[in-house]
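Working notes, beginning with the structure itself.
Order of the sequence lines fixes the chain letters, A, B, ..., with proteins taken first and strands second; residue numbering starts at 1 for each chain.
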Amino acid sequence: MSTDLALDRFAADCLVRAGAVLEQVGYGLVHALLPEDVAPDFGTDELLLAFDAEVAAETPGAVFLTYGSPLLDALVDLALDFGRYTALWRPGPVAVPRNLEPRVAEALEFRRCRAPRLVEHRVLEHVYYGFYFRCTFRSFERAEEVNGVVVEGSSGRVEEDFQRHWQQVVPAAEPDQELPRAGTLPLAELYARACRALEDLVRRRAGALFPHARVLRDRELARIDRYYRDNEALLERRLAAVESQARRERVREQLRALRDEWRRRLQDAAARYDVEVEAVLDHVVAYHVPLVHAVVEVQHRERAYRQIVWYNPLAARVEPPACPLCGVPTRVLVPHASGVLACPGHQ
Amino acid sequence: MTVRFAPGAAEPVLAAVEGGRAGRPEDLDLRRRALALAASPGFDVLLSLSVTRGVEPLDYQLATVRHVLKHLRGRALLCDEVGLGKTVEAGLIMMEYLLRGLVRRVLVLTPPSLVAQWQEEMRAKFNLDFVTHDEERFRARADAWSHFPRIIASLDTAKREPHRSQVVAAEYDLVIIDEAHHLKNRQTRAYRLAAELKKKYILLLTATPVQNDLEELFHLITLLAPGQLETVASFRRKYISPKDRLRPRNPEELRRLVREVMVRNRRGSVGVALGRRHAEVVRVRLAPDEEAFYRRLTDFVRGHYGAERAGAAKGLERFVLKTLQREAGSSVEAALQTLRKMAAGEAHPIPLREAMAALAREGEGVRGRAKAEALVALLRRIPEKVVVFTCFRATQQYLTARLRAEGFGVAELHGELRRAAKEEQVEFFARQAQVLVTTDAGSEGRNLQFCRVLVNFDLPWNPMRIEQRIGRIHRLGQTRDVFIYNLSAAGTVEAHILELLDAKINMFQLVIGELDLILGHLREQRDFEDLVMDVWASARSEEELRRGMEELGAQLLAARRHYETVKDMDDRLFGELRPDVD
């Protein structure tokens, strides 16, 4: 995620994207002529934006753009109208490694089979869907962040290290070659898988975001305990000292009320440190990546098995195929009685 | 832990994907920047570091900021030793909240002497436009306290009606109170105001949280976290020794509780390397005609100052007289400008205008410029960049022209320059010019730490202004030794002020920030410059003047000793309370 918080660049990019005409009229000073459809959001059709407090003070009519200002809120709202769905392509030709056959043999174990033999290969375009969620963590404090889950469209596999490889790419907005497209699962299915993966992710993030929740909770519970224990001791001493039955009953009533309140406050404090997360799908990026589909053949006794293996040039690796019986990716394939190569779990 | 997906929120996005309505990559980048600006992420990563200007926080400051955000949850007592940058720490904490959208409205309450300094620091380091309570735009609005989102005011102003009721009615997300030891007594109006403020987060800044009694600590901490030290009665019982109210009964237990709300970094352990300061007085004897002019003008000021004090309406206010006296101490040019203006002004009675005109004529005839000559000689023997400070624009103009005529490369700063021009001049000074001649106002917000030699051509009567000048080149981050030259013309007010500040409290060796604490301990709760002016103007003889200045010096000395006692006591009580490091 971008962490560029420079306001001048953001404001300029945002206004230009919305169709405004900008002119730098001085040091830290920009004049913006707003288009008709945007002007009502700002209550004016032109703005003199100052990005420096000193410049704003010396320029009558200038609006100072700073963090926490209503003007910045309006610009952020404007920017959030854009970029809900973006498609990006990995550019350039795909170099199929010459040693693909030994790489497959090295990456995958075909148990009880002879070494795999490359029969044929072709390049297909895969789509990796990046689902980006705005996650709000509510506990004794509130934190928001955007968390992304990337799901490979054909297999539905969650790709945890996708971003690490994609960062090395200068993506293109258009494909530079027409490639046959690999089949994809329905989008709703991919989204459902992303949601499940996100749940795991935010559980891990909650631990990182609120590492002191337990310490703070225990500290607060101890303080509450200390306070009520002192008061309880006080009331018990008073109870032992009073003689009249009616007064004893009153003190007993006070003790009961104190203990009820004590319990309630402990429960409230414990609840305050629980974490609740709300996730909203914010935007989707479709990453188009060509993969090499290699058909390899392996021999087990008298029988030959064919297996499609993907070579991912982005990560420069052979991807573990999904077991045809359980769908779990595996690096070990074993001939199965049903006539397919399956993961060892089915033996 | 529960995870909830907002129902229906995904449909429009998924529909755009199904429909193949993809936007441009630049839109994605824009969206992500907007999300970064709109979201309030956790405090693992500090966001403020990329948006501050010329601030290079040190490790202990970053640890303090993280500790306050993550562990103290924005309610903290920042008690670093003087000069370790509490203002920067508070500013960074504020920025972290601002950038996360958790804070919009900020109120800073300070002693009156620090209002302008806070405004300048917020503008220069954090690019935030705080309004101060004495600005015209603030005074023009009846609802100013709730209208402006970022306000700096003196605690003295805020606690008094008609301000008080407006201040407590407004809601603030963050309140910062500097020199918070002024809140030590819960019976005071200042304390009651602070307690009543509606605030989400609060930072109390002081280097000396306890001054006379351990109970003061209870009151400060109760402002932040009511109940942290239980009730005042139980605090007395558990923690204050009846024989010595500065000696805690259960020091370890008290320290543990205090640590939950307080941070105290000490210079000795945070590894701050600050170059030393060397101060030198350059004594100057005014030329005979200069001296005569100065005396004549002083007599005039004394005559009118005394009359004004006695209530006789002679048409000149004390402020004007004080300014005239200060200008005369700076240069003939500075005094002449005011004299000419007043001689021409129709607001004053004719005899007064005639007296002014006569003084102006005398000034015009003065040929001697002893201080300027001393400055030229001084600059010739300093082989590096030098900042020359003056209080007055007319002096600044004269010096700039004079030094250029003497062959020096001179950059200049003054309040009439616009922002861009100031940046150009600083750049020119950094790259090329040997000398920068600047007024106090001109250098506001400028970091001149690439230079380490400073000349006070004249001396502000307000010692805080002198400290601000020094602060331009000698703050955290300056690792080289710094040299300060003070031009002092015999027989002037400034020579007496220099003697008081240098000899009595050793001002030029104080750490930035200590001076205000010392002045805060002065017996007389008036501005130092007024005290000086009173002594100067009321003295009927040299002997009276000497006695008056000595008395003032004794007060300063006592104030310094009191400050040192308090400082030692706080050191003994708290030692160090370093922030947690994750």
Side-chain angles (χ1 to χ4, degrees), chain A residues 1-5 10 13-14 17 26-28 52-58 64 66-68 72 76 79-80 82-88 134 141-146 171 173 187-188 191 195 199 202-203 206 208-209 211-212 219 227 274-286, chain B residues 1-6 9-10 12-14 16-18 20-45 47 50-51 70-71 73 95 98-104 122-123 127-129 149 227 230 234 260 418-420 423 445 582:
Chain A
M1 289 290 296
S2 172
T3 51
D4 182 358
L5 300 177
F10 172 71
D13 292 348
C14 184
R17 177 63 183 91
Y27 180 91
D52 179 279
E54 215 171 321
V55 171
E58 67 190 22
F64 180 44
T66 188
Y67 304 98
L72 181 59
V76 165
L80 290 177
F82 305 111
R84 281 192 164 271
Y85 169 50
T86 312
L88 300 172
R134 280 178 89 156
E141 267 169 5
R142 181 172 174 273
E144 287 175 340
E145 58 181 31
V146 176
L187 188 64
Y191 174 63
C195 289
E199 285 199 37
V202 295
R203 276 178 215 285
L209 282 171
H212 304 287
R219 191 186 289 171
Y227 174 78
D274 275 351
V275 183
E276 192 179 275
V277 185
E278 186 181 78
V280 179
L281 179 65
D282 183 81
H283 63 278
V284 172
V285 182
Chain B
M1 194 187 90
T2 51
V3 183
R4 203 162 54 81
F5 287 88
V13 188
L14 296 176
V17 182
E18 296 274 24
R21 298 191 297 275
R24 301 185 244 165
E26 306 87 79
D27 291 353
L28 176 65
D29 179 56
L30 190 62
R31 180 177 196 86
R32 289 183 166 180
R33 281 191 280 160
L35 284 170
L37 286 165
S40 56
F43 297 116
D44 330 13
V45 178
L47 305 175
S50 60
V51 300
K70 291 172 83 170
H71 305 166
R73 299 156 62 189
M95 285 306 288
L98 273 172
L99 288 167
R100 287 170 172 79
L102 298 172
V103 158
R104 294 280 164 124
M122 291 298 107
R123 186 153 60 199
N127 194 25
L128 288 176
D129 60 338
E230 299 179 22
S234 65
E260 290 175 8
R418 290 176 72 84
R419 169 87 157 93
E423 292 302 318
D582 294 326

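- No part of A56(A) comes within reach of chain B, as not one of its non-hydrogen atoms sits under 4.5 angstrom from that chain.
- Proximity to chain A (any heavy atom under 4.5 Å) is shown, for R24(B), by both the backbone and the side chain.
- The part of M95(B) that comes within reach of chain A is its side chain, from C-beta onward, which places non-hydrogen atoms under 4.5 angstrom from that chain.
- Only the side chain of T66(A) comes within contact range of chain B, with at least one heavy atom under 4.5 Å from a heavy atom of that chain.
- For A9(B), the side chain to side chain contact (heavy atoms under 4.5 Å, CB included) criterion is met by V280(A), A6(B), not counting sequence neighbours.
- Among all heavy-atom pairs drawn from L28(B) and H283(A), the shortest one is CD1-CD2, 3.6 Å.
- Minimum interatomic distance between A22(B) and A87(A) (heavy atoms only, all atoms of both residues): CB-N, 3.8 Å.
- You'll find the side chain of L281(A) stays beyond 4.5 Å of the side chain of F5(B), heavy atoms only.
- A34(B) and V76(A) make their closest contact through O-CG1, 3.8 Å (heavy atoms, listed as atom of the first residue, atom of the second, distance).
- Among all heavy-atom pairs drawn from N127(B) and F64(A), the shortest one is O-CZ, 3.0 Å.
- For the atom pair D27(B) CG and Y85(A) OH, the distance stands at 13.5 Å (nearest 0.5 Å).
- Here the closest heavy-atom approach between residue L99(B) and residue Y67(A) is recorded as CD2-CD2, 3.1 Å.
- Only the side chain of L88(A) comes within less than 4.5 Å of a heavy atom in chain B; its backbone stays farther off.
- Annotation: salt bridge (charged side-chain N to carboxylate O under 4.0 Å, His left out) contacts of E276(A) (sequence neighbours excluded): none.
- For the pair R31(B) (side chain) and F82(A) (backbone), a donor-acceptor distance under 3.5 Å is present.
- The greatest number of non-hydrogen atom pairs below 4.5 Å with chain B, out of V202(A), L80(A), L72(A), V285(A), is found for L80(A).
- Residues R21(B) and R84(A) have side chains not in contact (no heavy-atom distance under 4.5 Å, counting atoms from C-beta outward).
- Within the 3.5 Å criterion, the main-chain N or O of V3(B) finds no donor-acceptor partner in the side chain of E199(A).
- Both the backbone and the side chain of P25(B) come within contact range of chain A, each with at least one heavy atom under 4.5 Å from a heavy atom of that chain.
- The parts of A173(A) that come within reach of chain B are both its backbone and its side chain, each placing non-hydrogen atoms under 4.5 angstrom from that chain.
- Of the listed residues E144(A), E278(A), R17(A), the one with more heavy-atom pairs under 4.5 angstrom with chain B than any other is E144(A).
- Scanning both residues, L35(B) and V146(A), for their nearest heavy atoms gives CD1-CG2, 4.0 Å.
- Between E423(B) and Y27(A) there is a side-chain heavy-atom pair separated by less than 4.5 Å.
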